[in-house]
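The figures that follow rest on heavy atoms only: side chains count, while hydrogens, waters and symmetry mates do not. So you know, we letter chains A, B, ... as the sequences are listed, proteins then strands, and number each from 1.
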Amino acid sequence: MSKESFYVTTPIYYVNDVPHIGHAYSTIIADALARYKRLSGYDVLFLTGTDEHGQKVEKAAREWGRTPQEHCDLMVGPFKELWRKLNISYDDFIRTTQERHIMVVQAIFQNLFSQGDIYKGFYEGWYCIHEETFYPESQLVEGCCPECGRPVEWLKEESYYFRSSKYQDQLLQYIKDNPDFIRPDFRRNEVVSFIKSGVQDTSVSRTTFKWGIPVPFDPDHVVYVWFDALINYLTGVGYLQDEEKTAKFWPADIHVIGKDIIRFHCVIWPMMLLSLGLPLPKQVLAHGFWMLGGAKMSKSTGVVVDPNRLIEEFGTDSIRYFLLREIAVGLDGEFTQDALIRRLNGDLANDLGNLVHRTVAMVMKYFDGEVPEAGELGALETVLRDETIGLALVVDELMNKTDIRGALMQIWGVIARANKYVDEAAPWALAREGQTEQLRTVMHTLLETIRVIAILISPVMPETAEKIWDQLGQSNFTSVTIEDARKWDMLALGTAVKKAAPLFPRVEIK
RNA sequence: GGCGGUGUAGCUCAGAUGGUUAGAGCACACGGUUCAUACCCGUGGCGUCGGAGGUUCAAAUCCUCCCACCGCUACCA
């Protein structure tokens, strides 16, 4: 009996970059989805990694006086370190310089060549000798190299081509038959109109530099980085290495990507898979960018937000929550510290943090911290209970549509209800009047509600969820499942809740 | 240029198939409460629904034109 599987990926990040909030965003989305599916009982494979080939890496390594491999080994560190700080639960971390990957890329290249989908031709374009790079016409600055300003010349280079043109119709059909393949849907329309305008064959090898995977039958060529990089998704499921694993996890359920690489994931990659006779991924989820003062974040413009600094200042879960709650996946968002602090103070400190804190404080005060048994539920309790145990279903529907933001909004709806319930039930009045039975019921209802909330926020805020679990005096959070969020009266009675520091300290706005 | 999209309260946005006084959150003001992280609960103001025409008993919602902004329009990761 094998459990249902779920395979989610992030882009593999180019090692020439230092990780910024954009990288973190893709990875956090994938992590939340992966965690949610694990909670739901799926066998999950969550893959991330680094893209390490290409001319830019070769050049940077040379400038640092390192070999390209040494350079990559160094540059991969900050990514792994950031993922550790962000609590990213990846199952595998792939590097395109790993032997397992090189083997797969070469085999695939050979394969497609043998079947005639890769052929030798010529790549023509504007070439800058100094930068050793081809530039598309659109990038030239007054007919000169956009990097160094020197004149460019028209050059013809031998290159292998992938016969992508052959798969246009098949791909269009697939997109038509699978409306969820490209999300959000306005991206799907863009891709469709792009394909309809005609897809040319794609150059998939280079001869102007060396740092890449050698074309197996023609050592003058290295495999073009995108062809190389996309294949990581197959290497990661053990393609050509582990048949069972491949069968279990391929096709991928979701490739999480940024909107800048839609073309590669929604056109070239599926065409490569069609050529290989493999099923296509079920979904490519393209998210938007975080902007700073209206400008796109990028290393070259120096417009970046360093996630490490943010984590130190505001905490991992706050950042995770903000990124996933503030904007709907697919749209761009403005990253400002003010907005972050508003979410932190409002949603996290005032609503969630305070709910937990005030509840635990009352249990301490009225019952010496012991989780009380409920008496008969009144109308108020019944309403809150029903809404709470119905929440998991609503959340499930939204999470399956990858609407993480919507799910969070629903959860916060119940948090608001619970805070209101405290006011309505007025436990302090019950305590004053000595209505102990009633008071037990109220506190029990609140604790149960918080228990469910802890479970449901755990994919987005794993650390906070565990802290709450601990404060509720419960143990074994790792064995909790989504089913537990649909049941009531699951708290071990008589265990001791623990008063702790507020989950989210308010941040003063300066 | 071509194709597509957006323009609704100070801010971020909801508002199938046209139909009672256009909504939410945040922010703001006032009131209540005291268990709690000066928190929570309640109440309130504010909008020529980008502009102009049109269809209709009735339009934010349909049509036409205009204005503004955005995305895509092939090889940089």
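Here Val356(A) lies out of heavy-atom contact (under 4.0 Å) with every strand. The residue Lys365(A) sits close only to the backbone: its heavy atoms come under 4.0 Å of sugar-phosphate atoms, none of a base. Among the atoms of the strands shown, base atoms are found under 4.0 Å from some heavy atom of Gly198(A). Thr202(A) comes within 4.0 angstrom of a base, heavy atoms only. Across all strands shown, Arg343(A) has no heavy atoms under 4.0 Å from either base or sugar-phosphate atoms.
Pair assignment for rU34(B): none, as no Watson-Crick or G-U wobble contacts are both less than 3.5 Å. Pair assignment for rU43(B) gives rA29(B), based on Watson-Crick or G-U wobble hydrogen-bonding distances that are each under 3.5 Å. When both distances must be under 3.5 Å, the Watson-Crick or G-U wobble mate of rG1(B) is rU73(B). Remark: rU61(B) base-pairs with no nucleotide in the shown strands. Criterion, Watson-Crick or G-U wobble with two distances under 3.5 Å. In this structure, rC13(B) forms a base pair with rG23(B), meeting either the Watson-Crick or the G-U wobble geometry with both donor-acceptor distances under 3.5 Å. Under the Watson-Crick or G-U wobble criterion, with both distances below 3.5 Å, rG7(B) is paired with rC67(B).
Take the nearest nucleotide of RNA chain B for Trp226(A) and for Val199(A): the residue whose nucleotide is more 5' is Val199(A).
When the C1' atom is used for both rU6(B) and rG15(B), the distance is 15 Å, rounded to whole Å. For the P atoms, the distance linking rA16(B) with rU55(B) amounts to 24 Å, nearest Å. Going from the P atom of rA24(B) to that of rU33(B) covers 25 Å, rounded to whole Å. Here the separation of rC49(B) from rU20(B), taken at their P atoms, is 16 Å to the nearest Å. One P atom belongs to rC40(B), the other to rG23(B), and the distance between them is 25 Å to the nearest Å. With both ends at atom C1', the span from rU48(B) to rU8(B) equals 12 Å, rounded to whole Å. Comparing the C1' positions of rC62(B) and rU17(B) gives a spacing of 11 Å, expressed to the nearest Å. Comparing the C1' positions of rA60(B) and rG7(B) gives an interatomic distance of 12 Å, to the nearest angstrom.
Taking atom CG of residue Leu446(A) and atom P of nucleotide rA36(B), one finds them 14 Å apart after rounding to whole Å. The nearest whole Å value for the distance from the CZ atom in Arg432(A) to the P atom in rU33(B) is 11 Å. Rounded to whole angstrom, the span from the CD atom of Glu58(A) across to the C1' atom of rA77(B) amounts to 15 Å. As rounded to whole Å, 8 Å separates atom P of rC76(B) from atom NZ of Lys56(A). At whole-Å resolution of the value, CD1 in Ile262(A) and C1' in rU73(B) are 13 Å apart. One interatomic measurement links the two molecules: OH of Tyr127(A) to P of rC76(B), which rounds to 13 Å at whole-angstrom precision. Remark: C1' of rA77(B) and CD1 of Ile213(A) are 15 Å apart, rounded to the nearest angstrom. In this entry the distance linking CD1 of Ile268(A) with C1' of rC75(B) reads 7 Å, nearest Å.
Close placement of the His265(A) and Tyr233(A) rings is indicated, their centers lying within 6.0 Å of each other. Here Phe162(A) and Trp226(A) keep their ring centres 6.0 angstrom or further from each other.
There is no side-chain donor-acceptor pair under 3.5 Å between Asp228(A) and Thr96(A). Residues Thr336(A) and Glu334(A) bring no donor and acceptor atom of their side chains to less than 3.5 Å of each other. Judged by distance alone, the side chains of His255(A) and Thr9(A) do bring a donor and an acceptor atom under 3.5 Å apart. Side-chain contact check for Glu381(A) and Thr445(A): no donor-acceptor pair (N or O, by modelled atom type) lies under 3.5 Å.
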Contact string for nucleotides 4-15 of chain B, one letter per nucleotide 5' to 3', B = base within protein heavy-atom range under 4.0 Å, S = sugar-phosphate only, - = neither, reads ------------
Contact string for nucleotides 37-42 of chain B, one letter per nucleotide 5' to 3', B = base within protein heavy-atom range under 4.0 Å, S = sugar-phosphate only, - = neither, reads B-SBSS
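In this structure, Arg343(A) forms no cation-pi arrangement with Phe314(A), as its terminal cationic atom is not both closer than 6.0 Å to the ring centre and no more than 45° off the ring axis.
Between Tyr119(A) and Tyr161(A), the ring-plane angle classifies as parallel under the 30° and 60° cut-offs.
In the set rC35(B), rC75(B), rG71(B), the nucleotide with an atom closest to the side chain of Gln200(A) is rC75(B).
The salt bridge (charged side-chain N to carboxylate O under 4.0 Å, His left out) search around Asp73(A) returns Arg95(A), not counting sequence neighbours.
The shortest side-chain heavy-atom distance between Ile175(A) and Arg188(A) falls under the 4.5 Å cut-off.
Under the side-chain contact (heavy atoms from CB on, under 4.5 Å) test applied with Ile453(A), the options Ile415(A), Val356(A), Thr388(A) reduce to a single match, Ile415(A).
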Are Trp290(A) and Tyr25(A) close enough, and set up right, to give a ring pair (Phe, Tyr, Trp, His ring centres under 6.0 Å), and what steps lead you there? CA-CA 9 Å; Trp290(A) 285 98; Tyr25(A) 184 49; 5.6 Å; yes
